[in-house]
Amino acid sequence: MAVRVRFAPSPTGLLHVGALRTALFDFLLARHQGGQNILRIEDTDRSRYSEDSEHEFIESLRWAGITFDEGPHVGGPHVPYRQSERATSGVYVGPVSKLLESGDAYKAFDTTDELAAMRKAQEDAKEPVGYFGGAWRDADPSEVARAEAAGHKYVVRQRIPRGKVIAIDDPIRGHVEWSSDTLDDPVLLKADGMPTYHLAAIVDDHLMGITHVIRGEEWLPSAAKHVLLYRMLGWEIPVIAHCPVILGKDGKKLSKRHGATSVLEYRWEGYLASALNNFIVLIGWSPGDERELLTEQEMIDAFSLEGVQPSPGHFDLDKLKWMSGAHIRLLAADALFDAVKSYLEDPRTIEFWDSREAEPGKPSGHEIAASLTLLRDAIAKDPEYARGVVVLLRERVQTLADFGPGARFFFVDMPEMDPKAVEKWLTQPHVPQLFDSIVQGLDPIAQPTKEDCEALIRGYAEKHGLEKLGPAVHPVRVALTGTTAGPGLFELMELLGRSRIVARLRRAKEIAG
RNA sequence: GGCCCGGUCGUCUAGUGGUUAGGAUGCCGCCCUUUCAAGGCGGAGGUCGCGGGUUCAAGUCCCGUCCGGGCUACCA
């Protein structure tokens, strides 16, 4: 029987990296086993559901390259894939009546106030808190009939049996068991007629033929109730696996302080989806050998639930940055250029940087946005030139956004001068003469190659008895780029071309002189 | 309070009774070199949460303990 897994998020906000990992595990398991991956929207809490959020989830997942065989956006044999729609189409009424008839569930008419009072009393008495008996678990049928006839609102609760040991065999955590006496009676159907997660997830997983449930560890405590529900309904129990959480580097819950929390934010920051996936999947899972840089296919080939670690992992932004740079360097030149292009063509990239708060010691969001705009326009105007720039810069970027500031000097008429660099290299006495000699040397060469440029500068150094190339190279670099760091000078000169070089050397000579 | 889960360099991890506890990231150094990177090489960093036990031998098995986390909603 084919493996069928589902990612079943509740769209109430942004798609978090922890959720992305769960989705990735689902996807990898399905593809590894040649099964199906299903997206199901758990929106039974109508007060928290957001349509924007659902769209955001789907877009994030699409960007991440996580594909689904069935779902609200692609259809499939089990439509609808939104639980609210499934509720109105009545899929949960059958199981609820069955449970009611067999006595595995009962109607409870408690009011919110009554429940609160019960909880308070339990807390005060230091007793386990929950609906263990309540007023209605063992109520007389006539009393129930009377309450119902009076039109009182009720919920349907699951009747947890007493004195049983319930266990699951979780591929990630192994054997976990509970005494049913510690389990209270969960609400299955709310007073508004909507199912709770406990009911809806189990019914839908069964109806959709789900064989493996992968979910967050916050579900582990209620897994026993779910196992019981499957049994009460006479359904086969799928494999249930609980993933550990992802924490911030300081061990606290992942939050804004640790960097971005939503998947799309990483996109706008310029991370390749392949890098984010690779990084995320390695929190809590490893291929079992010493490989770390993995392609999607390699992840699929190596994935197994048993290889997932039960302990929580920490999100280390430094390692993500390294991995991001590594994935950029893994791309062939054309693929990289296309990635940069589509990154910049999405207007949200620039918007994102424009509205980003400044970090100390780094270019402001606004500056980055401006440099990215410059790159974007340069790609449109002269793709050949821009492509050369991107290729030249690939060794020194960590994200796609780094191409903006790095490439800036190629596209402005005159680069901004770093005062320290000017001070260090443009004030030396030989500089005006050095620049003159390069300008003169370039005169007969319409399109200087990097070899031409190297010959010119080496020639100058030799002629003037310089022991090292530095005193010739550095002033030229500052004149052409405005800074002391960057790509190889000769390569950069070839790309810049004669007229830009000459113009910049002349201007720098004025500054120097 | 009750129930459940977790605990190997700062971080991600390998490891399933016998290894000098391996790799990666980050940090430091060297090499390459026109700078910065990238790349190569090397270094520091772990009494495997702690305490007992079992065993010739324990990160690995058992017991206890501490710490961290989750759940304890008519949220998921």
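Within every chain, numbering begins at 1; the chains are lettered A, B, ... in the order of the sequence lines, protein sequences first and strands thereafter. Computed over heavy atoms, backbone and side chain alike; hydrogens, waters and symmetry mates excluded. Values in this document were obtained by computation on a predicted structure and should not be read as measured data.
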Item to check | Inter-nucleotide P distance (U8(B), G69(B)), Å rounded | outcome: 15 Å
Next on the checklist: Quick check: any donor-acceptor pair below 3.5 Å linking the side-chain of Asp316(A) to the base of G10(B)?
Outcome noted: yes
Checklist entry - Which value, rounded to the nearest 0.5 Å, describes the distance between Glu298(A) atom CD and Asn278(A) atom CG? => result 9.0 Å
Checklist entry - Taking the P atom of each, how far is A58(B) from G53(B), in whole Å? => result 12 Å
Item to check | Any side-chain heavy-atom pair of Leu331(A) and Phe337(A) under 4.5 Å | outcome: no
Checklist entry - Given the P atoms of G49(B) and U11(B), what is the spacing between them in whole Å? => result 12 Å
Next on the checklist: Contact between His430(A) and Pro471(A) at the side-chain level, heavy atoms closer than 4.5 Å - yes or no?
Outcome noted: yes
Checklist entry - P atom, U33(B) versus C28(B): distance in rounded Å? => result 23 Å
Next on the checklist: Which nucleotide, if any, forms a Watson-Crick or G-U wobble pair with G68(B), using both distances under 3.5 Å?
Outcome noted: C5(B)
Next on the checklist: Using a strict threshold of under 4.0 Å (side-chain N to carboxylate O), is an ion pair present between Arg48(A) and Glu42(A)?
Outcome noted: no
Checklist entry - Which part of the nucleic acid, if any, lies within contact of Lys126(A), taking any heavy atom under 4.0 Å across all strands shown: a base, the sugar-phosphate backbone alone, or nothing? => result sugar-phosphate
Which atoms of nucleotides 72-76 of chain B (N or O only) lie under 3.5 Å from a protein N or O atom, and what are those distances?
unit_1: U72(B); atom_1: O2'; unit_2: Val129(A); atom_2: O; d: 2.8
unit_1: C74(B); atom_1: OP2; unit_2: Arg157(A); atom_2: NH2; d: 3.4
unit_1: C74(B); atom_1: O2; unit_2: Ala191(A); atom_2: N; d: 2.7
unit_1: C74(B); atom_1: N4; unit_2: Asp110(A); atom_2: O; d: 3.0
unit_1: C75(B); atom_1: OP2; unit_2: Lys190(A); atom_2: NZ; d: 3.0
unit_1: C75(B); atom_1: O2'; unit_2: Asp45(A); atom_2: OD2; d: 3.0
unit_1: C75(B); atom_1: O2'; unit_2: Arg48(A); atom_2: NE; d: 3.3
unit_1: C75(B); atom_1: O2'; unit_2: Arg48(A); atom_2: NH2; d: 3.1
unit_1: C75(B); atom_1: O2; unit_2: Arg48(A); atom_2: NH2; d: 3.3
unit_1: A76(B); atom_1: OP1; unit_2: Thr44(A); atom_2: OG1; d: 2.7
unit_1: A76(B); atom_1: OP1; unit_2: Lys190(A); atom_2: NZ; d: 2.7
unit_1: A76(B); atom_1: OP2; unit_2: Tyr197(A); atom_2: N; d: 3.3
unit_1: A76(B); atom_1: O3'; unit_2: Glu42(A); atom_2: OE1; d: 3.4

Item to check | Watson-Crick or G-U counterpart of U20(B), or none if no pair lies under 3.5 Å | outcome: none
Under 3.5 Å, which protein N or O atoms sit close to an N or O of nucleotides 4-8 of chain B? Give each pair with its distance.
unit_1: C5(B); atom_1: O2'; unit_2: Arg173(A); atom_2: NH1; d: 2.3

Next on the checklist: Quick one, Ile501(A) and Val439(A) - any side-chain contact, counting heavy atoms below 4.5 Å?
Outcome noted: no
Checklist outcome for this item: As its Watson-Crick or G-U partner within any shown strand, both distances under 3.5 Å, C27(B) has G43(B)
Next on the checklist: Looking at A76(B), which nucleotide sits across from it as a Watson-Crick or G-U wobble partner, both distances under 3.5 angstrom, or is there none?
Outcome noted: none
Checklist entry - If you measure from the Lys or Arg side-chain nitrogens to the Asp or Glu carboxylate oxygens, is any gap between Arg6(A) and Asp26(A) under 4.0 Å? => result no
Checklist entry - Rounded to whole angstrom units, what separation is found between the CG atom of Leu293(A) and the C1' atom of C12(B)? => result 14 Å
Checklist entry - Would Asp185(A) and Arg159(A) pass as an ion pair if we require N to O under 4.0 Å? => result no
Item to check | Basic-acidic side-chain contact under 4.0 Å: Asp205(A), Arg40(A) | outcome: yes
Item to check | Distance, rounded to the nearest Å, where Glu127(A) contributes CD and G2(B) contributes C1' | outcome: 11 Å
Checklist entry - So what's U60(B) paired with, Watson-Crick or G-U wobble, going by both distances under 3.5 Å? => result none
Checklist entry - Taking only residues two or more places apart in sequence or in another chain, which ones pass ring-ring contact (aromatic ring centres under 6.0 Å, His included) with Phe25(A)? => result Phe303(A)
Next on the checklist: Between Thr261(A) and His16(A), do the side chains contain a donor N or O and an acceptor N or O under 3.5 Å apart?
Outcome noted: no
Item to check | Euclidean distance, atom NZ of residue Lys253(A) to atom C1' of C71(B) [Å, nearest integer] | outcome: 13 Å
Checklist entry - Is a side-chain N or O of Ser97(A) found less than 3.5 angstrom from the main chain of Val93(A), in a donor-acceptor match? => result yes
Checklist entry - What integer number of Å spans the P atoms of C30(B) and A21(B)? => result 30 Å
Next on the checklist: Applying the Watson-Crick and G-U wobble criteria at under 3.5 Å, what pairs with U54(B)? Answer none if nothing qualifies.
Outcome noted: none
Next on the checklist: With a 4.0 Å cut-off on N to O distance, would you call Glu367(A) and Arg408(A) a salt bridge?
Outcome noted: no
Item to check | Trp136(A): partners by ring-ring contact (aromatic ring centres under 6.0 Å, His included), with sequence neighbours left out | outcome: Phe109(A)
Restricting both atoms to N or O, compile the protein contacts to nucleotides 32-38 of chain B shorter than 3.5 Å, with distance only.
unit_1: U34(B); atom_1: O2'; unit_2: His474(A); atom_2: NE2; d: 3.3
unit_1: U34(B); atom_1: O2; unit_2: Arg477(A); atom_2: NH2; d: 2.9
unit_1: U34(B); atom_1: N3; unit_2: Leu489(A); atom_2: N; d: 3.4
unit_1: U35(B); atom_1: O2'; unit_2: Thr484(A); atom_2: O; d: 2.9
unit_1: U35(B); atom_1: O2; unit_2: Thr484(A); atom_2: O; d: 3.2
unit_1: U35(B); atom_1: O2; unit_2: Gly486(A); atom_2: N; d: 2.9
unit_1: U35(B); atom_1: O2; unit_2: Gly486(A); atom_2: O; d: 3.2
unit_1: U35(B); atom_1: N3; unit_2: Arg477(A); atom_2: NH2; d: 3.1
unit_1: U35(B); atom_1: N3; unit_2: Gly486(A); atom_2: O; d: 2.6
unit_1: U35(B); atom_1: O4; unit_2: Gly488(A); atom_2: N; d: 3.2
unit_1: C36(B); atom_1: O2; unit_2: Arg396(A); atom_2: NH1; d: 2.8
unit_1: C36(B); atom_1: O2; unit_2: Gly486(A); atom_2: O; d: 3.4
unit_1: C36(B); atom_1: N3; unit_2: Arg396(A); atom_2: NH1; d: 2.5
unit_1: A37(B); atom_1: O2'; unit_2: Glu395(A); atom_2: O; d: 2.7
unit_1: A38(B); atom_1: O4'; unit_2: Glu395(A); atom_2: O; d: 3.0
unit_1: A38(B); atom_1: O2'; unit_2: Glu395(A); atom_2: OE1; d: 3.4

Checklist entry - For the pair made of CE in Met323(A) and P in G26(B), what is the distance, rounded to whole Å? => result 11 Å
Checklist entry - Among Ile41(A), Val91(A), Asp43(A), whose side chain to side chain contact (heavy atoms under 4.5 Å, CB included) with Arg86(A) holds? => result Val91(A)
Item to check | Test item: Thr44(A) and Arg46(A) side chains (from C-beta on) under 4.5 Å apart, heavy atoms | outcome: no
Item to check | Inter-nucleotide C1' distance (G17(B), U55(B)), Å rounded | outcome: 9 Å
Next on the checklist: Taking G23(B) as the reference, what is the distance to C9(B) when you measure between their C1' atoms (whole Å, please)?
Outcome noted: 12 Å
Next on the checklist: If I take atom CZ in residue Arg162(A) and atom C1' in nucleotide C3(B), what distance separates them, rounded to the nearest angstrom?
Outcome noted: 14 Å
Next on the checklist: Without decimals, in angstroms, what is the distance between Ile283(A) CD1 and A24(B) C1'?
Outcome noted: 13 Å
Item to check | Between C1' of A14(B) and CG of Leu282(A), the distance in whole Å | outcome: 12 Å
Please write out each protein N/O paired with an N/O of nucleotides 44-50 of chain B under 3.5 Å, distance rounded to 0.1 Å.
none

Checklist entry - Below 4.0 angstrom, N of the basic side chain to O of the carboxylate: do Asp289(A) and Arg291(A) qualify? => result yes
Checklist entry - Taking the P atom of each, how far is G6(B) from G64(B), in whole Å? => result 15 Å
Checklist entry - G39(B) C1' sits how many Å from Leu330(A) CG, rounded? => result 14 Å
